[in-house]
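Here the structure comes first, spelled out in structure tokens, and everything after it is commentary.
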Amino acid sequence: MVASSASFVESPTLDRDCTTLSRHVLQQLQSFEAEAQDISAIMNRIALAGKLIARRLSRAGLMEGVLGFTGEENVQGESVKKMDVYANDVFISVFKQSGLVCRLASEEMEKPYYIPENCPVGRYTLLYDPIDGSSNVDINLNVGSIFSIRQQEGEDLNGEAEDLLQDGHKQLAAGYILYGPSTMLVYSIGKGVHSFILDPSLGEFILAEENIVMPSHGKIYSVNEGNFWQWEDSIREYIRYMHRHDGYTARYSGALVGDLHRILTQGGVFLYPGTQKKPEGKLRLLYETAPLAWLIEQAGGKASTGTQPLLDFVPTMLHQRTPAILGSTEDVELVESFIREGLRQVVQTV
Ligand code: AHM
Ligand code: MG
């Protein structure tokens, strides 16, 4: 018997296989207006960058000139890896002739990359961390890319991109690509968090989970405990509490996207507090913590600097770092309670 076209269309398996990223973004926007089309096109370009980076990573150990360091340092004083440079350039080249974004700002570039010919058409800025957790690349462990889209405000005539120095609520969309056993793209345009898996045979990101809601509590805490001696007493007290109580377990891969993805799906808390060497912590607000905070909050979790909501934090410079506590609401609030107690004791002793 030949299936009717109605039963064909309604097949849940086929429908699942057919929900591509671009179709999903347009459905989410529920509009065919210019801005909706722009955001959808930008997401498609980000997906293309993700596919190119995933392809290179999958063969990295077999190719010349992919692994290892370039011998240079980036604006943060960190050693640059060859994959950092490649991935940074991939994002630039997929957006260069797109007519979509006017500026790209990345962790790897001191100043934004301007595409003046796009400005009359696409007044958006893409902020991104091309390869997050790049120390994992050489040992074939997971890494990620993080992205955020903001509207450009004003003309930015002096090239300082001062309009980017605003809080995280100004983001129009944010997400990450996780290069793991499969390549996943997770995004939000402020209407829930959705995940996609790259089907290599189709070359498409296919919907895996819609409207991810994270648990209000989870057993995992994810932090680099090697920094214990460098933390404030309040964070040390929190970690001692974790050690002394049943029901907690530690997971830390050194690559934020993977660690955060675990927290997003299973609950718990990721933290990178300030240290003696880096009082603001290590993670950058515009390219790392603000986009991830946006996702976590969209999934029903909480994001904090320890003393204020992370999305309320206004940076004073492009490469600003912030302490970050991201995860399930109850678990983030537990860390905050230790920080509050620490501050109270400091005030009492002054
Ligand atoms: P990167 O973007 O230069 O790779 O640095 C960010 C990474 C995060 O992925 C990870 O959470 C953190 O640095 C790990 O830092 P540490 O080794 O200090 O724990
Ligand atoms: Mg990073």
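Read the numbers this way: they start at 1 and go in the same order the structure lists the ligands and their atoms. This chain uses plain numbering: 1 for the first residue, then up along the sequence. Note that the structure is a prediction, hence the values are computed from the model and not measured.
- The closest side-chain donor-acceptor pair between His24 and Glu210 falls under 3.5 angstrom.
- His194 and Tyr187 have tilted rings, their planes meeting at an angle from 30° to 60° on a 0 to 90° scale.
- A donor atom on one side chain and an acceptor atom on the other are found under 3.5 Å apart for Tyr124 and Asp38.
- Less than 4.0 angstrom separates some heavy atom of Glu107 from each of these atoms of ligand 1: 1 (P), 2 (O), 3 (O).
- Residue-ligand proximity, Asn224 to ligand 1, at heavy-atom distances under 4.0 Å covers atoms 16 (P), 17 (O), 18 (O), 19 (O).
- Side-chain contact, Ser304 with Gln308: no donor N or O sits under 3.5 Å from an acceptor N or O.
- Every atom of ligand 1 is numbered from 1 in the order shown, and the set under 4.0 Å from a heavy atom of Arg284 is 1 (P), 2 (O), 3 (O), 5 (O), 6 (C).
- Ligand-side atoms of ligand 1 in range of Ser134: 4 (O), range being under 4.0 angstrom from any heavy atom.
- The distance from ligand 1 to the heavy atoms of Tyr252 drops below 4.0 Å at these ligand atoms: 11 (O), 12 (C), 14 (C), 15 (O), 16 (P), 19 (O).
- Contacts between Lys277 and ligand 1 below 4.0 angstrom, taking non-hydrogen atoms only, are absent altogether.
- Using a non-hydrogen distance threshold of 4.0 Å, Tyr272 registers as a contact of ligand 1.
- With no hydrogens or angles considered, no side-chain donor-acceptor pair links Ser195 and Glu209 at under 3.5 Å.
- Counting only N and O atoms by type, the side chains of His243 and Glu225 include a donor and acceptor under 3.5 Å apart.
- At a heavy-atom distance under 4.0 Å, atoms from both the backbone and the side chain of Leu256 approach ligand 1.
- Taking the six-membered ring where tryptophan is involved, the planes of His217 and Tyr248 are perpendicular, since the angle between them exceeds 60° and thus also 30°.
- Contact atoms of ligand 1 toward Gly133: 1 (P), 2 (O), 4 (O), 9 (O) (distance under 4.0 Å to a heavy atom of the residue).
- Shown in contact with Ala255 at under 4.0 Å from a heavy atom are these atoms of ligand 1, numbered in order with element: 9 (O).
- Aromatic ring orientation, Phe91 versus Tyr128: tilted (interplanar angle from 30° to 60°).
- In Asp129, the part holding a heavy atom less than 4.0 Å from any atom of ligand 1 is the side chain.
- Considering both main-chain and side-chain atoms, Asp132 comes within under 3.5 Å of ligand 1 through a nitrogen or oxygen pair.
- Side chain of Arg236 to backbone of Trp231: a donor-acceptor contact under 3.5 angstrom is found.
- Applying the 4.0 Å criterion to heavy atoms of Glu288 picks out, from ligand 1, the atoms 2 (O), 6 (C).
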